[in-house]
Undergrad: 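Sharing a structure with you now.
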Amino acid sequence: MQDTLSIIKPDGVRKKIVGKILKRFEDNGFEIINPRYINLSKEEASEFYNIHKGKPFFDDLIIFMTSGPCLPFIIRGENAILRVRELMGSTDPDEAAPETIRADFADSIDSNVIHGSDSEQSAKREIRFFFG
């Protein structure tokens with residue numbers, strides 16, 4: 001079993017698709033652990049996404065992630081990191097495979113409804129960030 005972190009971003013919460021997204025993970029055999037709504041501060045969002053600091057999209061990402069509540073949660077399952085990323089689809093919904101979360105619900109590369117850890121190291125760091 002492997003744990004990874006996912007976040008339903010503010011656009012996903014605004015669209016009222018949280019239940020649909022969580023159901024996709026559960027339907028694929030994952031356990032959802034400790035989902036909770038939070039409002040990230042600018043400082044928290046900047047710390048979480050510090051890997052992107054200095055990139056052209058960083059400021060807009062921080063504004064977006066602090067624009068409303070989001071829902072971080074842990075996903076547990078076999079080969080969770082890779083399988084969750086497959087279920088989410090490409091960051092750019094125009095390039096996402098059919099029937100992935102981003103293909104079905106995201107509006108753009110900037111408003112793509114969900115985040116998922118990209119490696120075991122990132123998953124550990126991101127889970128610690130939100131859940132201690």
Undergrad: Taking the side chain as every heavy atom from C-beta outward, state whether Y37 and C70 have any pair of such atoms under 4.5 Å apart.
TA: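 In short, these two side chains do not touch, never coming nearer than 4.5 Å.
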Undergrad: Starting at CD of E120, measure out to CG of L82 and round the result to the nearest 0.5 Å.
TA: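 With rounding to 0.5 Å, CD (E120) is 12.5 Å from CG (L82).
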Undergrad: Just wondering, do I33 and E31 contact through their side chains at under 4.5 Å, heavy atoms?
TA: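 SC-SC contact between E31 and I33 confirmed.
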Undergrad: I need the I21 CD1 to K9 NZ distance, nearest 0.5 Å.
TA: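 I21 CD1 to K9 NZ: 11.0 Å, rounded to 0.5 Å.
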Undergrad: Any idea which heavy atoms bring R14 and S67 closest together, and the distance?
TA: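 Taking R14 first and S67 second, the nearest heavy atoms are NH1-OG, 3.3 Å.
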Undergrad: How far apart are the closest heavy atoms of E44 and F129, and which atoms are they?
TA: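 Between these two residues, the closest heavy atoms are O-CZ, 3.4 Å.
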Undergrad: Under 3.5 Å, is there a donor-acceptor pair between the side chain of K15 and the main chain of F105?
TA: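 Yes, K15 side chain to F105 backbone: donor-acceptor pair under 3.5 Å.
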Undergrad: Side-chain heavy atoms under 4.5 angstrom apart, residues restricted to Ile, Leu, Val, Met, Phe, Trp, Tyr: same cluster for I63 and F58?
TA: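 No, it is not one cluster - the side chains of I63 and F58 are not joined through contacts under 4.5 Å.
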Undergrad: About how many Å separate OG of S90 and CG of N112, when rounded to the nearest 0.5 Å?
TA: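 Taking CG in N112 and OG in S90, the distance rounds to 9.0 Å.
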Undergrad: What's the separation between atom CZ in R125 and atom OG in S119, rounded to the nearest 0.5 Å?
TA: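 Answer for the CZ-OG pair, R125 versus S119, is 8.5 Å.
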Undergrad: With distance as the sole test, does N28 use its side chain to make a donor-acceptor pair with the main-chain N or O of F25 at under 3.5 Å?
TA: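 Checking the backbone N and O of F25 against the side chain of N28, no donor-acceptor pair under 3.5 Å is found.
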Undergrad: Under 3.5 Å, side chain of E95 to main-chain N/O of D92, donor-acceptor pair present?
TA: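 Absent.
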Undergrad: Nearest 0.5 Å, please: how far is CD1 in I51 from CD in E126?
TA: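 Here the interatomic distance stands at 8.5 Å.
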Undergrad: Check for a donor-acceptor pair, side chain of R76 on one end and backbone N or O of D3 on the other, with a separation under 3.5 Å.
TA: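 No, because the side chain of R76 does not come within donor-acceptor range (under 3.5 Å) of the backbone of D3.
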Undergrad: Ignoring hydrogens and angles, tell me if any N or O in the side chain of S108 forms a donor-acceptor pair with the backbone of D110 under 3.5 Å.
TA: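 Yes; judged by distance alone, with no hydrogens or angles, the pair exists.
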Undergrad: CD of E47 to CD1 of I62: how many Å apart, nearest 0.5 Å?
TA: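 Rounded to the nearest 0.5 Å, the CD-CD1 separation comes to 10.5 Å.
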Undergrad: At their closest point, which heavy atom of P93 faces which heavy atom of R102, and how far apart are they?
TA: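 P93 and R102 have their closest heavy atoms at CB-O, 3.4 Å.
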Undergrad: Should we say atom NZ of K55 is surrounded by more than 12 heavy atoms from elsewhere, each under 6.0 Å from it?
TA: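 Yes, NZ of K55 has more than 12 neighbouring heavy atoms, counting only those of other groups under 6.0 Å.
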Undergrad: Only one of V13, V18, I38, I8 clears side-chain contact (heavy atoms from CB on, under 4.5 Å) with P69; which?
TA: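 Looking at V13, V18, I38, I8, the match for P69 under the side-chain contact (heavy atoms from CB on, under 4.5 Å) is V13.
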Undergrad: Check for me, please, whether M88 and I74 land in the same ILVMFWY cluster - side-chain distances under 4.5 Å, paths through other members count.
TA: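 M88 and I74: separate clusters.
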Undergrad: Kindly indicate whether the side chain of I7, heavy atoms from C-beta on, has any atom under 4.5 Å from the side chain of F73.
TA: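 Heavy-atom side-chain distance check fails, nothing below 4.5 Å.
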Undergrad: With R24 as reference, evaluate I101, I17, L87 under the side-chain contact (heavy atoms from CB on, under 4.5 Å) test and give the passing residue.
TA: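 By the side-chain contact (heavy atoms from CB on, under 4.5 Å) criterion, R24 pairs with just one of I101, I17, L87: I101.
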Undergrad: Counting distance only, does the side-chain N/O of Q2 pair as donor-acceptor with the main-chain N or O of E78 below 3.5 Å?
TA: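 Flag not set: sc Q2 to bb E78 has no pair under 3.5 Å.
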Undergrad: Could you give me the CA-CA distance, side-chain angles and deciding distance for L71 and L22, then say whether side-chain contact (heavy atoms from CB on, under 4.5 Å) is met?
TA: CA-CA 10 Å; L71 185 89; L22 294 177; 4.3 Å; yes
Undergrad: Considering all heavy atoms of both residues, which atom of F130 and which atom of P72 are nearest to each other, and what is their separation?
TA: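 The answer is CD2-CG, 3.7 Å.
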Undergrad: What are the two closest heavy atoms between L40 and T66, and how far apart are they?
TA: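 Minimum heavy-atom contact is O-CG2, 3.3 Å.
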Undergrad: Determine the minimum heavy-atom distance between G68 and P10, stating which atoms define it.
TA: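 Residues G68 and P10, closest heavy atoms: O-CG, 3.5 Å.
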Undergrad: Report yes or no: do V84 and I81 belong to one cluster of Ile/Leu/Val/Met/Phe/Trp/Tyr joined by side chain heavy-atom distances under 4.5 Å?
TA: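 V84 and I81: separate clusters.
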Undergrad: With a 4.5 Å cut-off on side-chain heavy-atom distances among I, L, V, M, F, W and Y, is there a chain of contacts connecting I114 to L5?
TA: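 No; tracing contacts between hydrophobic side chains, which count when under 4.5 Å, never links both residues.
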Undergrad: Could you please spell out the steps behind the side-chain contact (heavy atoms from CB on, under 4.5 Å) verdict for H115 and Y49?
TA: CA-CA 11 Å; H115 165 89; Y49 285 107; 3.8 Å; yes
Undergrad: Ignoring hydrogens and angles, tell me if any N or O in the side chain of S122 forms a donor-acceptor pair with the backbone of D118 under 3.5 Å.
TA: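 Side chain of S122 to backbone of D118: no pair is present.
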Undergrad: Backbone N or O of A97 within a donor-acceptor pair of the T100 side chain at under 3.5 Å?
TA: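 Looks like yes, one N/O pair under 3.5 Å.
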Undergrad: Is there a donor-acceptor pair under 3.5 Å between the side chain of D11 and the backbone N or O of V113?
TA: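 Present.
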Undergrad: Evaluate side-chain contact (heavy atoms from CB on, under 4.5 Å) for R83 paired with F30, printing each intermediate quantity in order.
TA: CA-CA 10 Å; R83 290 179 51 223; F30 290 108; 3.5 Å; yes
